[in-house]
Amino acid sequence: MTKTDHTELPAIGAPFEGGFYAGKFFGADGAPYALIVAPKAEGETECVFKAKRTADKGARSLRDGLANSEAMNDDNHPAARFCRSLTIGGFDDWYLPSRHEAALLAENLMPGKDYVPEQTVADAFKEDGPEAFSRTLYWTSTEFSPGSAWVQYFDFGYQYGGDKAWSLRVRAVRKYPL
């Protein structure tokens, strides 16, 4: 990956580095990154977080979804495994977003228009757009407790702990160093 100047970043929702630019954030290491969300057709599915309701060592980071996903990249963790197995646009570093990364996705790409935050300005991600998030729950890679993990609600924008056995939406992301 080649670092880019922050002035070269595209508009929210514009094609970028194999997916769509979702916003700038600071990672667990304090460094700035661009968050890139996968195209819906290739990078979204529905599955359970984990086959068992047990603790996940190494999956508690609020800011580092890649580290969380790597700690869970096995057959017992369908959501993380799905994301880590993707190759989209020539990139194979896709992962399940952390709690913080999922909040940024909701803040900048929320499809609904009835609640705060307001509907995204990115046309492809607006309600009924080809890249729009479903107005439902999506898994994050951040564990909440041994039996639950944080979920992001793309209708009202809030987060809470969801049972790991629930079958929910999953949308892969990747990060690009700035």
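What you see is a predicted model, and the numbers here were worked out from it, not measured in a lab.
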Sidechain-backbone polar pair: [X] side chain, [Y] backbone, donor-acceptor under 3.5 Å:
X: Asn76; Y: Ala51; value: no
X: Gln152; Y: Leu137; value: no
X: Arg84; Y: Tyr95; value: no
X: Lys164; Y: Pro146; value: yes
X: Arg174; Y: Glu17; value: yes

Does some side-chain heavy atom of [Y] sit less than 4.5 Å from a side-chain heavy atom of [X]?
X: Asn108; Y: Leu35; result: no
X: Asp56; Y: Phe49; result: yes
X: Arg135; Y: Glu127; result: yes
X: Tyr138; Y: Val151; result: no
X: Phe125; Y: Phe133; result: yes
X: Val170; Y: Leu96; result: yes
X: Leu109; Y: Ile12; result: yes
X: Ser61; Y: Ser98; result: no

Between [X] and [Y], is there a shared hydrophobic cluster once you connect ILVMFWY residues whose side-chain heavy atoms come closer than 4.5 Å?
X: Tyr158; Y: Phe154; answer: yes
X: Val48; Y: Phe82; answer: no
X: Leu104; Y: Phe156; answer: yes
X: Val37; Y: Tyr153; answer: yes
X: Met110; Y: Tyr160; answer: yes

Nearest-0.5 Å distance that lies between atom [atom1] in [X] and atom [atom2] in [Y]:
X: Met72; Y: Lys57; atom1: CE; atom2: NZ; result: 15.0 Å
X: Leu62; Y: Thr142; atom1: CG; atom2: OG1; result: 5.5 Å
X: Arg63; Y: His100; atom1: CZ; atom2: NE2; result: 3.5 Å
X: Thr45; Y: Leu168; atom1: OG1; atom2: CG; result: 11.5 Å

Problem - Phe144: hydrophobic cluster co-members (side-chain, 4.5 Å) - result: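 Trp150, listed by chain and number.
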
Which heavy atom of [X] sits nearest a heavy atom of [Y], and at what distance?
X: Ile36; Y: Trp94; answer: O-CZ3, 3.8 Å
X: Lys24; Y: Tyr21; answer: N-OH, 3.3 Å
X: Ala55; Y: Lys50; answer: O-NZ, 3.3 Å
X: Glu143; Y: Thr54; answer: OE2-O, 3.8 Å
X: Ser141; Y: Gly65; answer: OG-CA, 3.4 Å
X: Trp139; Y: Asp163; answer: CH2-O, 3.0 Å

Handout entry: Distance-only donor-acceptor check, side chains Arg60 and Asn68, under 3.5 Å
Key =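 Asn68 and Arg60 do not have a side-chain donor-acceptor pair below 3.5 Å.
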
Problem - Tyr33 side chain to Glu101 side chain, donor-acceptor N/O pair below 3.5 angstrom - result: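 On atom types as modelled, these side chains do not qualify, holding no pair under 3.5 Å.
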
Problem - Lys40: side chain to side chain contact (heavy atoms under 4.5 Å, CB included) partners, not counting sequence neighbours - result: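 For Lys40 the side chain to side chain contact (heavy atoms under 4.5 Å, CB included) partners, ignoring immediate neighbours, are Glu44, Glu131, Ser134, Arg171.
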
